[in-house]
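First up is the structure itself, then whatever we jot down about it.
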Amino acid sequence: MPELPEVEVTRRSIDLPLRGARVQAVHLGKPLRWPLGCPPGSLVGQYLGAVLRRGKYLWLPLHERASAGLTGSTQGLLLHLGMSGALELRTPTVPPGGDLALARHEHFRLDTDRGSLRLLDPRRFGAVVWSPGLAAEPAAGLLAGLGLEPDDPALTEARFHAELQRRRAPIKTVLLQGEVIVGAGNIYACEALFQAGIDPRCSAARIGPVRARRLLHALRHTLAQAVELGGTTLRDFHDARGVHGAYQEQVAVYGRAGLPCVRCGTRLRRLQQAQRTTVYCPRCQRR
DNA sequence: AGTTAAACCTGGTTGC
DNA sequence: TGCAACCAGGTTTAAC
């Protein structure tokens with residue numbers, strides 16, 4: 001479920017409700033991708049600050065005092081939803097001593113005075129990692145190598161094109177790697193390439209300035225629209241309050257292999273790229 | 001160095 | 001109905 005739009009929608013659903021909340025207890029379920037990296041009890045008494053997003057990661061800063069200022073220099077939790085993760089914010093908070101048992105697939109829970117935040121993740125590809133700072137290890141290492149945010153003004157058309165010029169891999173693969181621009185996973189990479197009319201097999205280096213411009217615009221438009229619509233709910237994605245997304249109703253190619261192209265009617269094709277399924281229109285998308 | 005495969009997990013769907 | 005095979009929104013790690 002979680003590409004950039006789903007992570008951003010999740011961020012927005014927990015940021016204000018939890019800002020300033022005091023941690024009362026931390027519960028761990030089965031192991032996630034990495035260990036938490038600190039004794040769970042050491043977080044008790046800390047206060048949550050504004051929740052940030054970087055790529056598909058969420059950063060939950062933790063302050064010693066209730067009203068702290070900036071967020072980057074404090075300790076906190078770096079959270080990733082992996083392939084099947086979702087957060088749920090439950091109010092009221094699970095009472096101390098009561099209902100300690102974690103639900104099925106609940107592998108992390110932060111009880112605060114403003115509600116219980118829990119991570120549900122059946123496949124456990126997700127992660128919750130404590131870090132002494134966003135720029136300190138291990139957070140810095142996990143975020144190192146990430147490309148620019150889609151809405152970063154520094155990501156100009158010229159720079160985007162120049163970065164593509166340096167990579168010979170298929171454009172779909174380059175988008176998934178997230179070293180040029182973050183946020184597009186399998187769904188939105190397929191959708192943006194369709195919107196831009198670019199064949200997913202086309203080498204990134206062979207994309208000219210005009211098509212690079214179209215692709216950047218398509219990525220920004222696709223991701224922004226998905227955020228507005230609450231993300232894509234294929235099976236069970238929802239924000240932390242349980243609200244489902246609606247972008248699946250806008251999908252033009254993802255999951256539609258064999259069906260007619262919405263633009264020209266040609267049968268959409270499926271292929272494998274870097275172990276992931278790509279769907280595209282052989283007529284609308286050119287090399 | 002740069003690209004591709006295997007690995008991490010569970011659950012739903014498909015097909016015999 | 002049972003069961004094996006295959007598929008899935010991501011990323012790291014190991015192997016060519």
Side-chain angles (χ1 to χ4, degrees), chain A residues 1-11 29-35 37 53-58 78-87 102-108 119-129 137-147 163-193 200-205 222-223 226-227 229-239 244-251 253-258 270-279:
Chain A
M1 87 194 62
E3 302 181 32
L4 182 147
E6 291 74 32
V7 177
E8 174 61 19
V9 164
T10 299
R11 186 195 71 79
K30 289 182 182 177
L32 293 163
R33 177 177 289 275
W34 299 292
R53 179 190 56 74
R54 176 75 175 99
K56 298 169 189 172
Y57 286 91
L58 289 177
L78 193 67
L79 196 147
H80 198 289
L81 299 177
M83 197 91 111
S84 59
L87 291 178
L102 298 175
R104 182 168 164 78
H105 299 146
E106 179 181 359
H107 304 302
F108 176 82
L119 171 64
L120 302 166
D121 185 5
R123 293 177 72 178
R124 288 192 280 128
F125 288 173
V128 182
V129 178
E137 297 304 331
L142 291 170
L143 300 180
L146 289 191
E163 287 296 326
L164 295 187
Q165 289 291 101
R166 297 173 47 204
R167 296 159 212 262
R168 267 173 288 181
I171 182 60
K172 163 79 182 312
T173 305
V174 169
L175 292 180
L176 286 187
Q177 284 170 344
E179 295 169 2
V180 177
I181 179 173
V182 295
N186 211 29
I187 296 176
Y188 301 110
C190 288
E191 293 301 312
L193 285 168
R201 297 165 296 183
C202 180
S203 167
T222 300
L223 294 170
V227 170
L229 291 176
T232 300
T233 298
L234 293 182
R235 177 168 290 116
D236 52 9
F237 171 75
H238 52 74
D239 70 11
H244 287 224
Y247 190 83
Q248 65 277 6
E249 293 159 25
Q250 307 294 315
V251 161
V253 289
Y254 180 84
R256 297 192 66 245
R270 174 208 312 269
L271 57 88
Q272 289 284 122
Q273 292 181 292
Q275 323 300 105
R276 313 297 299 279
T277 296
T278 298
V279 184

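Convention: sequence-line order gives letters A, B, ...; per-chain numbering from 1. Predicted model, so just to flag it, every value in this text is computed and none were measured.
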Exercise. Kindly compute the distance separating OG1 (T222(A)) from CD1 (I187(A)), expressed to the nearest 0.5 Å.
Key: 11.5 Å

Exercise. Could you list by number each residue of residues 140-147 of chain A showing a heavy-atom separation from DNA chain C of less than 4.0 Å, or answer none if no residue does?
Key: none

Quiz prompt | Out of dC7(C), dT12(C), dG10(C), whichever nucleotide has its closest atom nearest the side chain of T277(A) | solution = dC7(C)

Practice problem: Give a yes or no on whether the backbone of P170(A) and the side-chain of Q273(A) come within a donor-acceptor separation of less than 3.5 Å. | Solution: no

Quiz item: Are Q272(A) and T278(A) linked by a side-chain donor-acceptor pair shorter than 3.5 Å?
Solution: no

Practice problem: Answer yes or no: does a side-chain N or O of Y188(A) lie under 4.0 Å from OP1 or OP2 of dG9(C)? | Solution: no

Exercise. Using the P atom as the reference point in each nucleotide, state the distance between dT11(C) and dG12(B) in Å, no decimals.
Key: 23 Å

Quiz item: Roughly how far, to the nearest 0.5 Å, is the CZ atom of R11(A) from the CG atom of L79(A)?
Solution: 13.5 Å

Practice problem: Scan R167(A) against the nucleic acid and name what it touches under 4.0 Å (heavy atoms): base, sugar-phosphate only, or nothing. | Solution: nothing

Self-check item: Residue pair R123(A) / S84(A): nearest heavy atoms and the distance that separates them
Solution: N-OG, 2.9 Å

Quiz item: Does the side chain of T232(A) come within less than 4.5 Å of Y188(A)'s, by heavy atoms?
Solution: yes

Quiz item: Between the base of dA8(C) and the side chain of R235(A), is there a donor-acceptor distance below 3.5 Å?
Solution: no

Quiz item: When Watson-Crick pairs (N1 to N3 and N6-O4 or O6-N4) and G-U wobble pairs (N1-O2 and O6-N3) count only below 3.5 Å on both distances, what is the dot-bracket string of DNA chain C, with | for other-strand pairs?
Solution: .|||||||.|||||||

Quiz item: Given atom CD of Q248(A) and atom P of dA8(C), what is their separation to the nearest angstrom?
Solution: 18 Å

Exercise. Send over the distance from R276(A) CZ to dG9(C) C1', rounded to a whole Å.
Key: 7 Å

Quiz item: Of L176(A) and R123(A), whose closest DNA chain C nucleotide lies nearer the 5' terminus?
Solution: R123(A)

Quiz item: Under the 3.5 angstrom rule, does the side chain of H107(A) hit a backbone N or O of K30(A) as a donor-acceptor pair?
Solution: yes

Practice problem: Quick one: closest heavy-atom pair of L223(A) and G183(A), and the distance? | Solution: CD2-O, 4.0 Å

Quiz item: First and last nucleotide of DNA chain B touching chain A, 5' to 3', heavy-atom cut-off 4.0 Å?
Solution: dT3(B) to dG12(B)

Practice problem: Pick base, sugar-phosphate or nothing for A274(A), based on heavy-atom distances below 4.0 Å to the nucleic acid. | Solution: nothing

Quiz item: What interatomic distance, in whole Å, is found between P of dA14(C) and the corresponding atom of dC9(B)?
Solution: 15 Å

Quiz prompt | Separation of dT12(C) C1' from Q177(A) CD (nearest whole Å) | solution = 13 Å

Exercise. Take the protein atom CH2 of W34(A) and the nucleotide atom P of dG10(C), then report the distance between them rounded to whole Å.
Key: 14 Å

Practice problem: Give a yes/no on whether any side-chain N or O of R33(A) is located under 4.0 angstrom from OP1 or OP2 of dT12(C). | Solution: no

Exercise. Examine distances only and state if a side-chain atom of R270(A) and a backbone atom of G258(A) form a donor-acceptor pair shorter than 3.5 Å.
Key: no

Quiz item: What is the distance, rounded to the nearest whole Å, between atom CG of L4(A) and atom P of dG10(C)?
Solution: 11 Å

Quiz item: Mapping Q275(A) and R166(A) onto DNA chain B by nearest heavy atom, which one lands closer to the 5' end?
Solution: R166(A)

Practice problem: Can you see which heavy atom on R201(A) is nearest to which on L271(A), and at what distance? | Solution: CD-CD2, 3.7 Å

Practice problem: Determine the minimum heavy-atom distance between D121(A) and G126(A), stating which atoms define it. | Solution: OD2-N, 2.8 Å

Quiz item: Knowing that exactly one of E3(A), K172(A), E191(A) qualifies, which makes a side chain to side chain donor-acceptor pair (under 3.5 Å) with N186(A)?
Solution: K172(A)

Quiz item: Do we see F237(A) stacking on the base of dG9(C), given a limit of 5.5 Å between centres and 30° between planes?
Solution: no

Practice problem: Write down the distance between CG (L234(A)) and P (dA8(C)), rounded to a whole number of angstrom. | Solution: 11 Å

Self-check item: E6(A) versus Y247(A), side-chain donor and acceptor atoms under 3.5 Å
Solution: no

Exercise. Let me know the distance between CD of Q273(A) and C1' of dG10(C), rounded to the nearest Å.
Key: 16 Å

Exercise. Measure from CG on D121(A) to P on dG10(C) and round the result to the nearest Å.
Key: 13 Å

